[in-house]
Every structure is written in structure tokens, then in C-alpha cells.
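So the structure is just underneath, and the comments pick up after that.
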Amino acid sequence: MKKLQTLAATVVFSAAAEAMAAMISIPQYLPTKSFATTFLGAIFLTITVWSFYQMFIYPSFVSPLRHLPHPKGGNLFLGHGLSLFKRPPGNDFLKWMNEIPNDGVLMFNGFGNQPRIVLTNPRALSEVLVTKTYDFKKPKPLRTFLRRILGDGLIIVEGEEHKFQRKHVMPVFSFRHIKELYPMIWKKAVALTQGIEAEMAEKMDLSMGEKSKHNVVEVNHWANKVTMDIIGVAGLGREFNALKNSDDPLVHNYEEILEPTTEKLTFFAMQIILPQFIVNRLPWKINERVRVITSNLNRICGELVADKRALIKADADEHLDILSVLIKSNNFSDKQLVDQLLTFLAAGHETTSSAFTWVTYLLSTHPEIQTRLREEIRKHIPTNPGPDFDLATVLEAMPLLNGVCNETLRLYPTVPITIRDCYTDTTVCDHYIPRGTQVHLVPWATNRLPEFWGSNAGDFVPDRWIDKETGRPNNTGGSSSNYNILTFLHGPRSCIGEKFAKAELRCLVAAMVGAYEMEYADPSVEAIPHGVITTKPRWGMELRLKSLQQW
Ligand code: HEM
């Protein structure tokens with residue numbers, strides 16, 4: 001907004017000066033003697049010249065980024081800006097990274113031909129994500145918009161505030177704490193299989209003879225429910241019962257705001273591209289709906305914080321969930337606690353739900369791997385593991401289970417593209433990068449680059465995550481650098497919930513594959529990743545399931 005005001009003021013002053021100069025020095029050539037008309041003409045001329053300079057002169061002849069390797073072509077006015085919105089997201093970037101020789105930094109023209117950069121190798125990524133992380137921030141329009149939904153939690157804040165929050169939230173995601181959560185997550189994973197079984201039984205009753213489709217289940221919808229239930233207990237110590245179709249208002253509000261309808265996706269994209277004071281004033285029903293939902297979420301989370309404080313005071317709480325740990329640390333005000341809660345509820349369920357959905361897709365389309373995984377699961381985990389069974393240790397050591405989860409996270413990163421704005425003049429891989437440059441990190445492309453992952457980079461090969469000599473899981477997938485996979489990013493702004501998400505994924509996949517044989521229901525429907533910031537399959541994930549005997 002401030003940038004826009006400064007620009008408008010500059011245009012007005014320049015136009016006034018031009019109009020005055022023209023009226024004094026060349027009055028005979030002006031079509032009018034009126035200052036107002038001359039001034040309006042000067043405004044039009046200034047905007048035209050300025051736009052022409054920005055779109056055609058600056059990118060090609062002035063920008064210090066113009067010498068960087070870049071893709072050819074692009075739209076005359078939009079550059080390669082539309083590449084950001086193509087599906088699957090990140091495919092154009094993959095093509096450029098693959099085909100254009102570079103030493104870590106590529107340039108492309110975004111909307112209005114504005115020069116942007118893409119980071120392509122571990123050195124560039126480590127500079128931006130680790131060494132100079134606080135010089136690069138999430139773009140302001142994105143933060144302003146997300147703040148409405150997430151508050152000033154860990155995802156939104158920058159600089160010192162971020163360092164403070166990260167330090168005090170970190171203990172909640174320690175290895176020890178995650179290990180304690182495994183039995184609860186497993187219980188929810190089993191409840192997921194029971195919920196699906198109940199849906200199939202109900203459809204069988206209703207279909208009365210026409211039984212061919214009773215066992216086709218849309219899995220993404222179930223995945224959202226189970227991950228919401230898990231984050232409910234882990235985040236708040238609260239049973240949402242989403243798997244049992246609860247009427248919890250928090251669940252309903254999140255379901256509504258996160259459901260990616262075309263209207264909502266357009267609205268979200270416009271929030272990021274256009275100035276928000278314009279989008280927020282449009283007579284569009286969705287504006288009001290978003291206002292109502294975000295105010296509901298804030299109110300409900302405020303009540304949850306107050307309830308939890310009362311429970312802790314009365315010593316009637318087990319104090320294991322994220323909110324309890326944060327309250328007890330005494331580092332956060334009530335407003336900050338509400339913001340953290342909004343952040344964890346939103347960041348902590350759709351992401352994992354999408355990853356789990358892609359695992360089911362890849363296993364359905366690779367039946368031989370599904371069968372091998374089932375054998376591994378049945379060999380290592382009893383049908384009903386008792387309280388003494390060390391789920392965390394067993395699940396984390398299962399080679400194929402970990403291979404399948406890691407390989408899915410590589411091929412289908414939930415956040416396929418993320419963006420930073422450069423807040424100071426700096427360098428990346430010794431290239432000068434001026435302040436204001438937009439930097440693209442593209443997990444979708446990095447994770448699939450043949451240079452890092454070999455000629456089968458685009459294939460589903462869980463075995464690359466298994467050490468050939470020891471047969472144990474490895475953490476690199478055979479790739480030479482950690483930075484060759486960007487699903488959770490790296491450094492101080494990496495995903496704080498990575499270990500938690502992986503624990504969830506292991507439990508959900510083990511329970512699901514143990515209970516069902518899965519087949520992709522309609523191969524004529526292409527499974528396309530879809531969404532604005534996080535992605536899930538565009539048409540959901542319909543699978544044909546066959547219930548298996550308990551083992
Ligand atoms: C498969 C599951 C998940 C994936 C792929 C994922 C991915 C990511 C990515 C890429 C970022 C960085 C975004 C950016 O800065 O542009 C991020 C940040 C974050 N994630 Fe996750 N996430 C997952 C699950 C979770 C879970 C389960 C939680 C919490 C329970 C969580 C909480 C967060 C938070 C709080 C941040 C902000 C961290 C910071 O800036 O310090 N995520 N996640």
C-alpha cells in the first residue's frame with residue numbers, strides 16, 4: 001500500500017512539473033491553454049512512459065539480473081508469469097532447470113516482465129534458506145492475506161519476532177514429545193479404517209443389489225478428517241471427532257475456508273496479485289464469508305485458550321498437547337497463543353492429509369509395491385499393538401514404509417512453490433541480487449531434477465530410500481545433498497512440524513495398507529495437483545477398496 005502511495009505521489013508531482021514546464025516553454029504546441037487538461041495529459045503520458053520503461057526497457061537493458069540465464073519466449077506483457085499457475089505447479093520451472101545451463105540462479109520475467117529469480121542448486125538454496133535467511137521474507141501481500149486466517153503466528157512473523165517464537169515453540173516438536181504421540185496417532189489411524197469400513201457398509205445397504213460402487217471411497221475427504229482429529233488432540237488435547245461427523249464449529253469453519261473451490265482459489269490468487277484494499281472492497285459474497293469465518297476462528301480459539309488456562313490452573317489437564325506446553329512456558333500472551341493455535345490447526349492438517357492422499361494414489365497405481373509394503377507391515381506390527389509395543393521405534397525402522405512415505409513427499413510436495421522477497425541488496429552464488437527481487441523456491445522441480453535424482457527422477461522408486469548394504473532406511477534417497485529435496489525446506493524457516501507429519505504419515509499408511517487393498521477407481525480421471533499454496537488432487541482421490549482379513 002505504501003509503495004503504491006509513493007508511486008502515485010511521484011506520478012502526480014512529475015505530471016504537475018511536466019505540465020507546468022510545457023505551458024511555460026512550448027505553449028504554442030499544446031492543444032489547450034487549460035492547466036487541468038494539460039496536467040491530465042501529463043499524467044497519462046507519465047504512466048505510459050513509466051509502464052513502457054518498467055515492462056520493456058528495465059528488464060532487458062537495465063536490470064542487473066538481465067545477464068542471468070533465462071527461458072526464451074514468454075508473453076509480451078505477462079512474461080512467464082502464468083507459469084506459476086500451470087498444473088502440475090512447478091513443471092515449467094523443472095523444464096527450465098533441466099534445460100538451461102546455470103550455476104545456481106536462473107532468471108525469468110514475471111507479470112509485467114518483472115525480473116524474478118529461481119534457485120536451482122544446493123549452494124544457492126543454502127545461502128537463501130540458511131546463511132541469509134532473514135534477508136529474504138515472504139512477500140508482504142501474501143503475509144497480509146494469510147495473517148487474516150493464521151494471525152501473527154510462526155508462519156507469518158519475520159526477524160526477531162520469528163526467532164523468539166521459533167525458539168519457544170521448538171520444544172513441542174522434540175523427538176521425545178513426538179514419540180509420546182505415536183500411540184494416539186495410531187489409534188486415530190485405526191479409527192480411520194473403521195470409518196471407511198462403515199461408509200462402505202452403509203453404501204452396500206443403500207445400493208440394494210447394485211453393489212459395484214459400494215467399495216469406491218473418496219480418500220482425501222477421510223484424510224482431512226483424520227488429520228483434523230490428530231491435530232485436535234496433539235494441538236489442544238481436544239477430541240474433534242471429525243471422523244464421526246462431529247458438529248464441532250472449529251472443524252466446520254476450517255473445512256469451509258480450506259475447501260479449494262474455483263471461486264475461492266480465484267479469490268486467494270487475486271489477494272496475492274492485486275492490492276488487497278481493492279479486492280477486499282469488491283462486492284463479492286466470498287469477501288463477507290472470509291470475514292465471518294476468520295472472526296469465528298479467532299473467537300473459538302480465544303475460548304479454547306481461556307478454557308485451557310482454567311484447566312491448567314485447576315491441575316485437571318495432562319499438559320501434553322501443544323497449547324498446554326506453550327501456556328506453561330509463560331512466553332506467550334493470550335493473543336499470541338490464539339495466533340499459534342490458528343497456525344498449527346491450519347498448517348498441521350491439510351498438509352499431511354494431502355501427503356497421505358498422494359501415498360494412497362501412488363500405491364494404488366503401483367500394486368507390486370503395495371503388496372510388498374503390506375507384507376512388511378504385517379510382519380512387523382501386530383493387528384492390535386498393546387500399550388507396551390514400541391510403535392515409534394518399529395515404524396521408524398521399517399525400510400519400505402519409510403521409503404514409500406519419503407518418495408511420495410519427494411514427488412508430491414504439498415507446497416510445490418514458495419516465494420521470498422529480497423529485503424536488502426545482496427548476492428546469491430556471487431550474483432548481485434537487488435533489493436525487491438522476488439525469489440522462487442520450487443520443491444516440485446528441485447525434488448524431480450534428474451541431475452539430483454538420476455534418470456528415474458520422475459518415477460516412484462521407494463527403494464532409493466533403502467540402504468542397499470544394510471537394508472535400513474536412509475535419509476538421503478541416494479541423493480548427494482539435503483538441499484536436493486525441499487518438501488519441508490531447510491534452515492530456520494523450515495517446517496517445524498516435519499517430524500510430527502512424518503510420524504502421522506507412517507501410522508496412517510501402515511494402518512490403511514494393512515486393512516485394505518487399494519486400486520485407483522477410474523484411470524480415465526487424471527490425478528492433478530491443484531490449489532494455491534498447498535495442493536491436493538483436483539478431483540479428490542476415489543479408490544476401490546477391498547477389505548482384508550485382520551492379520
Ligand atoms: C506433509 C506435511 C507437511 C508439509 C509438506 C509441510 C511443508 C511446509 C513448508 C514447505 C513450510 C515452509 C513454507 C514457507 O516458508 O514458504 C512449512 C512451514 C511450517 N509448517 Fe509445515 N508442512 C507439513 C506439516 C506440518 C505440520 C503437521 C505442522 C504442525 C503441526 C506444520 C507447521 C508448520 C509451521 C508452523 C511452519 C512455519 C515455520 C516457520 O516459518 O518457522 N507443518 N511447512
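Order of appearance sets the numbers: ligands from 1, and atoms from 1 within every ligand.
Between atom 1 (C) of ligand 1 and the options I230, L409, I417, the minimum heavy-atom separation is to L409.
Contacts between H349 and ligand 1 below 4.0 angstrom, taking non-hydrogen atoms only, are absent altogether. Heavy atoms of R166 found under 4.0 angstrom from ligand 1 belong exclusively to the side chain. With a 4.0 Å cut-off on non-hydrogen atoms, K137 does not touch ligand 1 at all.
Heavy-atom neighbours of N475 CG from other residues, nucleotides or ligands within 6.0 Å: at or below the threshold of 12.
Residue-ligand proximity, I231 to ligand 1, at heavy-atom distances under 4.0 Å covers atoms 30 (C). The distance from ligand 1 to the heavy atoms of K138 drops below 4.0 Å at these ligand atoms: 14 (C), 15 (O), 16 (O). Numbered from 1 in the order shown, with element, the atoms of ligand 1 that lie under 4.0 Å from a heavy atom of H162 read 39 (C), 40 (O), 41 (O). Atoms of ligand 1 found under 4.0 Å from any heavy atom of F344 (numbered from 1 in listed order, with element): 29 (C), 35 (C). Within the listing of ligand 1, atoms 5 (C), 7 (C), 10 (C) sit less than 4.0 angstrom from a heavy atom of T487.
Side-chain N/O atoms of Y182 and E504 include no donor and acceptor closer than 3.5 Å. Donor-acceptor pairing under 3.5 Å is recorded for the side chains of N296 and N253. Donor-acceptor pairing under 3.5 Å is recorded for the side chains of T427 and K132. Using modelled atom types and a 3.5 Å distance limit, the side chains of R148 and N298 yield no donor-acceptor pair. Side-chain N/O atoms of D135 and T424 include no donor and acceptor closer than 3.5 Å. Using modelled atom types, one finds a donor on one side chain and an acceptor on the other under 3.5 Å when comparing Q165 with Q340. For the 3.5 Å distance criterion, the side chains of W453 and N484 fail to qualify, holding no donor opposite an acceptor.
Scanning the protein heavy atoms around atom 15 (O) of ligand 1, the nearest turns out to be R420 NH2, 2.8 Å. Nearest non-hydrogen protein atom to atom 12 (C) of ligand 1 is L489 CD1, 3.7 Å. Here the heavy atom of the protein found nearest to atom 37 (C) of ligand 1 is I155 CG1, 3.4 Å. Atom 16 (O) of ligand 1 has T418 OG1, 2.5 Å as its closest protein atom, hydrogens excluded (heavy atom only).
A salt bridge links K188 with E239: the distance from a Lys NZ or Arg NE/NH1/NH2 to an Asp or Glu carboxylate oxygen falls below 4.0 Å. Ion pairing between a basic and an acidic side chain is recognised when a charged N comes within 4.0 Å of a carboxylate O; K244 and D229 show no such pairing.
Only protein N, O or S atoms were scored, and 1 of them lie under 2.8 Å from atom 21 (Fe) of ligand 1.
Inclusion of S494 in the set of residues having an N or O under 3.5 Å from an N or O of ligand 1 is not warranted. Considering backbone and side-chain atoms alike, T343 places every N or O at 3.5 Å or more from each N or O of ligand 1. Distances between N or O atoms of E504 and those of ligand 1 include no value under 3.5 Å.
For the side-chain hydrogen bond (donor to acceptor under 3.5 Å, both in side chains) test, residues two or more places apart in sequence or in another chain that qualify with R123 are E127, D430.
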List the steps, then state whether salt bridge (Lys or Arg N to Asp or Glu O under 4.0 Å) holds for K140 with D421. CA-CA 8 Å; K140 207 155 171 224; D421 275 351; over 6 Å; no
Passes salt bridge (Lys or Arg N to Asp or Glu O under 4.0 Å), E158 versus R493? Steps please. CA-CA 10 Å; E158 293 285 351; R493 302 244 38 168; 3.2 Å; yes
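Cation-pi contact between R506 and F356: absent, since separation from the ring centre below 6.0 Å together with deviation from the ring axis within 45° is not met.
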